[in-house]
Number of protein chains: 2
Amino acid sequence: MKNCPVRRLIQSKQGYHHGDLRNALVSAGLKLLEQEGHSEFTLRDLARRVGVSAAAPYAHFADKRALLAAIAAAGFIRLRAALEAAIRSDSNLADRFLHLGSAYVRFGMDHPALYKLMFASEELAAQHGEYLELQAAGEAAFGALTALLEQMQRRGLLRAGDPEADGLSVWAHVHGLTSLIITGCLACVGEPAPQPAEVVSLSLQLLLNGLRGPARAEQIA
Amino acid sequence: MKNCPVRRLIQSKQGYHHGDLRNALVSAGLKLLEQEGHSEFTLRDLARRVGVSAAAPYAHFADKRALLAAIAAAGFIRLRAALEAAIRSDSNLADRFLHLGSAYVRFGMDHPALYKLMFASEELAAQHGEYLELQAAGEAAFGALTALLEQMQRRGLLRAGDPEADGLSVWAHVHGLTSLIITGCLACVGEPAPQPAEVVSLSLQLLLNGLRGPARAEQIA
DNA sequence: ACCTGAACACCGTTCAAGT
DNA sequence: ACCTGAACACCGTTCAAGT
């Protein structure tokens with residue numbers, strides 16, 4: 001993005017050292033998160049890797065959190081792409097639902113440090129009004145889910161309901177699965193340790209089953 | 001715990017300044033987490049509040065993470081108590097399930113910083129073999145859930161299944177709800193922002209509905 | 001406009017030394 | 001056994017000064 005000629009001119013004028021430090025910092029941060037398992041890195045180290053002084057990032061980001069938010073936004077864009085790819089599969093709608101859920105969890109398992117950062121940063125985005133880019137990226141990823149749910153409801157594959165409200169339940173479920181798996185909590189309980197893939201599969205089936213039934217089950221006295 | 005006379009003797013000998021610095025640090029940390037919204041505090045600040053030098057904690061904890069793990073373990077013990085109190089209500093079993101889920105989410109909403117720390121520390125506990133106290137506290141809290149599920153299955157209120165596997169699904173669901181709520185992600189999506197209590201109520205009903213149905217839904221071609 | 005170098009106020013952690 | 005004081009190697013951030 002931002003390939004407009006004006007920007008190219010500015011870049012070709014060349015900030016005499018780097019050209020495009022902003023993007024360099026973001027992609028270096030992404031790479032660091034992929035390599036290292038933990039989601040914390042220092043701004044100084046990142047600047048060092050990019051070959052720039054410790055103060056240089058402050059010309060492009062207000063503070064460390066702003067840089068983290070930019071990286072998290074890139075993560076949400078990738079997540080959305082992964083989810084839409086999973087939905088585009090040519091199978092039936094119910095399978096698409098299951099594939100969507102699996103793809104969500106797999107994204108977290110494949111990029112645990114990035115995933116953790118994404119939700120740590122979403123917290124900042126929610127508290128402060130800033131980080132609009134991050135917020136928009138997050139909502140777009142959520143939209144991929146609600147669109148599918150609405151389609152399934154229209155075709156009678158799910159009980160009628162508010163797609164957005166159901167979407168929140170589904171999101172909470174897959175987010176919880178992802179979180180427990182990548183923090184290792186799932187491996188902590190049970191003898192022997194449960195297989196993530198099986199837990200996810202059974203769990204999504206359970207959720208889908210609930211979405212087929214009536215919204216409010218009859219009270220049992 | 002650890003009220004054995006031997007320990008009392010040691011305490012009465014008095015480390016000439018504090019007596020029981022270990023517990024003092026843990027409870028000061030707990031108090032700090034309740035007051036401040038964020039889950040990060042510095043070891044130096046904690047030592048300052050307790051009235052001790054910055055190096056003093058190292059006589060009781062290997063490093064900062066070990067202290068955080070001890071605080072997290074205390075959090076899991078409180079969580080378990082909250083869950084068991086919710087189950088003890090005299091209503092029917094299905095309502096107990098809903099109360100249990102609500103109590104879980106409410107615990108997170110009431111102590112957001114502590115809740116985040118608990119799962120950040122569980123990660124360390126899972127990776128390293130250490131922090132046995134934390135691990136045990138976490139598993140005990142999980143046990144309160146599986147016990148209820150087993151009881152409901154026996155009475156035919158839920159479809160037959162492995163209570164531990166179903167427990168993981170339920171745990172993932174309520175953990176996801178809690179996480180999205182206390183990070184503010186839930187408030188980010190939807191117009192107007194959804195009410196946490198309603199989302200939780202609808203979500204738990206959905207989950208319960210899924211647990212009543214067949215474990216494996218028939219494939220729809 | 002973009003970057004550097006040096007500085008500031010902090011960290012977590014170590015270690016000799018005190019009681 | 002438990003704690004202090006001083007030190008070490010770091011942080012994030014600011015700011016004058018350079019190009």
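Proteins come first, then strands; the chains are lettered A, B, ... in the order of their sequence lines, and each starts at number 1.
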Whole-Å distance between dG12(D) C1' and E40(B) CD?
14 Å
Are H60(B) and dC3(D) close enough that a side-chain N or O sits under 4.0 Å from OP1 or OP2?
yes
What are the atom names and distances for every N/O pair under 3.5 Å that joins the protein to nucleotides 5-8 of chain C?
none

note: L46(B), atom CG; dT13(C), atom P; distance rounded to Å ~ 13 Å
The side chain to side chain contact (heavy atoms under 4.5 Å, CB included) partner of V26(B) among L67(B), L46(B), L68(B), D20(B) is L67(B)
So H175(B) and H175(A), would you call those rings parallel, tilted or perpendicular, with 30° and 60° as cut-offs?
parallel
Counting Watson-Crick and G-U wobble pairs whose two distances are both under 3.5 Å, find the runs of 3 or more in a row that involve DNA chain C.
C:4-8 with D:12-16, C:12-16 with D:4-8
What distance do L211(A) atom CG and L204(A) atom CG have between them, rounded to the nearest 0.5 Å?
10.5 Å
Hey, can you tell me if Y115(A) and Y104(A) have their rings parallel, tilted or perpendicular (30° and 60° cut-offs)?
perpendicular
Atom-pair distance (CZ on F61(B); P on dT14(C)), nearest Å:
15 Å
Rounded to whole Å, the OH-P distance (Y58(A) to dT14(D)) equals 7 Å
Measure the spacing between OG1 of T183(A) and NZ of K116(A) and express it to the nearest 0.5 Å.
7.5 Å
Spacing of L145(B) atom CG and E164(B) atom CD [to the nearest 0.5 Å]
10.0 Å
Take atom CZ of R65(A) and atom C1' of dT13(D), then tell me their distance rounded to the nearest Å.
13 Å
Taking ring pair (Phe, Tyr, Trp, His ring centres under 6.0 Å) as the test, write out the residues that go with F41(B), two or more places apart.
none
Just the rounded figure in Å: distance from P of dC10(C) to CZ of F41(B).
19 Å
By nearest atom, which of the nucleotides dT13(D), dC3(C), dC11(D) is closest to the T42(A) side chain?
dC11(D)
Proximity to the side chain of D63(B) - top-ranked nucleotide from dG12(D), dC3(D), dT13(C)
dT13(C)
Could you tell me the separation between the CZ atom of F107(B) and the OG atom of S102(B), rounded to the nearest 0.5 Å?
15.0 Å
Nearest-Å distance, CG (D20(B)) to C1' (dA1(D))?
14 Å
Does atom CD of Q195(A) have more than 12 heavy-atom neighbours, drawn from other residues, nucleotides or ligands, at distances under 6.0 Å?
no
Does R48(B) have a side-chain nitrogen or oxygen under 4.0 Å from the phosphate oxygens OP1 or OP2 of dT4(D)?
no
What is the distance from CG of L67(A) to P of dG12(D), rounded to the nearest Å?
10 Å
